[in-house]
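Predicted model only: the values in this text are computed from it and were never measured.
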Amino acid sequence: MVKIVSRRSLGMQPVYDIGVESDHNFILGNGLVASNCFNKSHSTAYAYVTYQTAFLKANYTTEYMAALLTANSGDREKVKKYIDGCQKMHIQVEPPDINRSGVDFTPQGNSILFGLSAIQNVGENAIASILNARNEGGAFKSLADLCDRIDLRTVNRRVLEALIKCGAFDSIEKNRNQLIHDLDLVITWAHDRAKDKAVGQGNLFDLLGGFTTGSDSNQGYDSAPKHPPVPDFPSREKLQMEKELLGFYVSEHPLKSASKVAQMMDITTISISQLEGQKNQAKVSAIVMVTAIKNVMTKKREPMAILQIEDISGQAEAVVFPKTYEQINSHLNNDARLILSGKVDKQEERTQLIVDDAFPVENVQMVMVKLAPQGVNPNELSTLRSILQEHRDKEEKAKVPVVAIVSDRNRRELLRLDPKDWVQDAQAVVNALKSAGFDADAKRLVGA
């Protein structure tokens, strides 16, 4: 390695080039001049860091991804991208847990535990109070236990509500709606206990609790008031609350159950993160959720729409021009789960989807026809196909798969019929098949 012994400007001189020519000229020990030593050292340093990073990702994958999520926890788009990457590497990102989560994303075996600092409305002082109480007294056994052990001036109602709604209390009580209804009652109860302790008093339950021994002691928390039982929030509402507080869905994405729709309908779909890599004007399909709708009127006074769409991998923009808008506008609603088909449109600074068709995931049904092995004969199959063809109508509207179930005592086989035998109206086909003596039924592929 050559040692640089001095540096001074020599004007225009022939150089011994070890990099890209620039104004950084150094006199080397052998009298030659080296150009761009500064940039050369940077290239070497970056290459070394790249090697280290690749080594950590390959050999300590879970720890690496946890660090990556922590470092980018303030950028929700990047976090979505990295969580999608975790799923592809079979690393589960678990929701926050009041009894397990730390400040940052934490590796736990082959999973990553969500950090408390990434929850909206939960500040550093509140996290410190919760972790200190947990370290001193062990895991929290109930909402009342937590409220009694923390400083409610720091961990206020807003913080507790955010922790409940994002699922941090699910390991204690899965009914989030019940905890929300209990919250005000428990906070008042905890405040009263704190006042009693401050003046050296205790209630009867505390006094009795003082005579109990062992781990069965409930410290009087059973005396905390509770709201009458209420049903939990619907699944979609719980997921929406997670998104508001965490920036994305963690426990489950609303589109997770929709993946089997594409498989059943023999559709090749892409994720939104793959949209950028598609060729311009390429025809693609994607299962997405609509997060925002902007209705627009063209110069000809024709309605159209610009959609913000997302899946677990990211967000994008989709455009619905007037002709398509007229056909599918009834499906365009906030939080609608849709199968979109269209063309990739690459602009200078962005890539969007020009929508040609849309179909609600919840509307996807399949017709199931039960057949006995001994009953499968040419005449029966001919009648079956004839009924299906009668209800096919226009080919582009025939989107309901048909599945034949052939079963006897010993075996049961599912046979998906060719798309040319798919139909348009599931219930109408089922009625026609039943009238012809077939055992048929319609089934939705995804729940609402």
Which residues pass the ring pair (Phe, Tyr, Trp, His ring centres under 6.0 Å) test with Phe105, not counting sequence neighbours?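 Once residues adjacent in sequence are excluded, the partners of Phe105 under the ring pair (Phe, Tyr, Trp, His ring centres under 6.0 Å) criterion are Phe114.
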Excluding sequence neighbours, so at least two apart, what forms salt bridge (Lys or Arg N to Asp or Glu O under 4.0 Å) with [X]?
{"X": "Arg149", "result": "Asp145"}
{"X": "Lys343", "result": "Asp356"}
{"X": "Asp441", "result": "none"}
{"X": "Glu94", "result": "Arg100"}

What is the distance from atom [atom1] of [X] to atom [atom2] of [Y], rounded to the nearest 0.5 Å?
{"X": "Asn99", "Y": "Ile130", "atom1": "CG", "atom2": "CD1", "answer": "10.5 Å"}
{"X": "Met368", "Y": "Ile405", "atom1": "CE", "atom2": "CD1", "answer": "3.0 Å"}
{"X": "Leu332", "Y": "Leu338", "atom1": "CG", "atom2": "CG", "answer": "6.5 Å"}
{"X": "Ile112", "Y": "Ile83", "atom1": "CD1", "atom2": "CD1", "answer": "8.5 Å"}
{"X": "Leu245", "Y": "Glu161", "atom1": "CG", "atom2": "CD", "answer": "8.5 Å"}
{"X": "Asp170", "Y": "Cys166", "atom1": "CG", "atom2": "SG", "answer": "8.5 Å"}

Grab the two heavy atoms, one from [X] and one from [Y], that are nearest each other, plus how far apart they are.
{"X": "Leu131", "Y": "Ser101", "value": "CD2-O, 3.7 Å"}
{"X": "Ser142", "Y": "Ile172", "value": "CA-CG2, 3.6 Å"}
{"X": "Ala126", "Y": "Val155", "value": "O-CG2, 3.6 Å"}
{"X": "Asn72", "Y": "Lys78", "value": "OD1-CD, 3.4 Å"}
{"X": "Val355", "Y": "Ala318", "value": "CG2-CB, 3.8 Å"}
{"X": "Leu340", "Y": "Ala358", "value": "CD2-CB, 3.5 Å"}

Main chain of [Y], side chain of [X]: is a donor-acceptor contact present, judged purely on distance under 3.5 Å?
{"X": "Gln274", "Y": "Ser271", "result": "yes"}
{"X": "Arg134", "Y": "Ile98", "result": "yes"}
{"X": "Thr106", "Y": "Asp104", "result": "yes"}
{"X": "Ser386", "Y": "Ser382", "result": "no"}

Does any non-hydrogen side-chain atom of [Y] lie less than 4.5 Å from one of [X]?
{"X": "Glu63", "Y": "Leu56", "answer": "no"}
{"X": "Asp148", "Y": "Val186", "answer": "no"}
{"X": "Asp184", "Y": "Arg157", "answer": "yes"}
{"X": "Ile309", "Y": "Thr291", "answer": "no"}
{"X": "Val369", "Y": "Asp439", "answer": "no"}
{"X": "Phe169", "Y": "Leu146", "answer": "yes"}
{"X": "Thr61", "Y": "Met89", "answer": "yes"}
{"X": "Ser285", "Y": "Ile270", "answer": "no"}

Among Arg176, Lys238, Lys174, exactly one meets side-chain hydrogen bond (donor to acceptor under 3.5 Å, both in side chains) together with Asp232. Which residue is that?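 Testing each of Arg176, Lys238, Lys174 against Asp232, the sole residue satisfying side-chain hydrogen bond (donor to acceptor under 3.5 Å, both in side chains) is Lys238.
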Can you pull out every side chain to side chain donor-acceptor pair (under 3.5 Å) where at least one residue sits in residues 318-335? Sequence neighbours excluded, please.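 Residue pairs with at least one partner in residues 318-335: there are none.
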Only pairs at least two apart or in different chains count here, so list each side chain to side chain donor-acceptor pair (under 3.5 Å) that has a residue in residues 112-126.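 Applying side chain to side chain donor-acceptor pair (under 3.5 Å) to every pair that reaches into residues 112-126, excluding sequence neighbours, yields Arg76-Gln120, Asn121-Arg158.
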Can you pull out every salt bridge (Lys or Arg N to Asp or Glu O under 4.0 Å) where at least one residue sits in residues 303-322? Sequence neighbours excluded, please.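 Listed once each, the pairs are Lys80-Glu310, Lys243-Glu310, Glu317-Arg350.
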Tell me, please, which residues at least two apart from [X] pass side-chain contact (heavy atoms from CB on, under 4.5 Å).
{"X": "Val230", "value": "Asn177, Gln178, His181, His227"}
{"X": "Asp192", "value": "Thr188"}
{"X": "Lys226", "value": "Asp182"}

Side-chain donor-acceptor pair under 3.5 Å between [X] and [Y], yes or no?
{"X": "Ser341", "Y": "Asp357", "answer": "no"}
{"X": "Glu276", "Y": "Thr351", "answer": "yes"}
{"X": "Asp345", "Y": "Gln347", "answer": "yes"}

Evaluate side chain to side chain contact (heavy atoms under 4.5 Å, CB included) for Leu183 paired with Leu143, printing each intermediate quantity in order. CA-CA 8 Å; Leu183 187 54; Leu143 176 62; 4.1 Å; yes
Evaluate Phe438 against Leu371 for side chain to side chain contact (heavy atoms under 4.5 Å, CB included), listing each step before the verdict. CA-CA 8 Å; Phe438 290 95; Leu371 301 172; 4.0 Å; yes
Mind checking side-chain hydrogen bond (donor to acceptor under 3.5 Å, both in side chains) for Asn156 and listing every partner two or more places apart, or none if nothing turns up?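 Result, side-chain hydrogen bond (donor to acceptor under 3.5 Å, both in side chains) vs Asn156: none returned.
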Show the numbers, then the answer: is there a side chain to side chain contact (heavy atoms under 4.5 Å, CB included) between Ile339 and Val361? CA-CA 6 Å; Ile339 302 174; Val361 170; 4.1 Å; yes
Give a yes or no on whether Lys346 atom NZ has more than 12 heavy-atom contacts from other residues, nucleotides or ligands under 6.0 Å away.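 Yes - once you tally the heavy atoms of other residues, nucleotides and ligands closer than 6.0 Å, there are more than 12.
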Show your reasoning for whether side chain to side chain contact (heavy atoms under 4.5 Å, CB included) applies to Val320 and Met304. CA-CA 6 Å; Val320 185; Met304 59 174 288; 5.8 Å; no
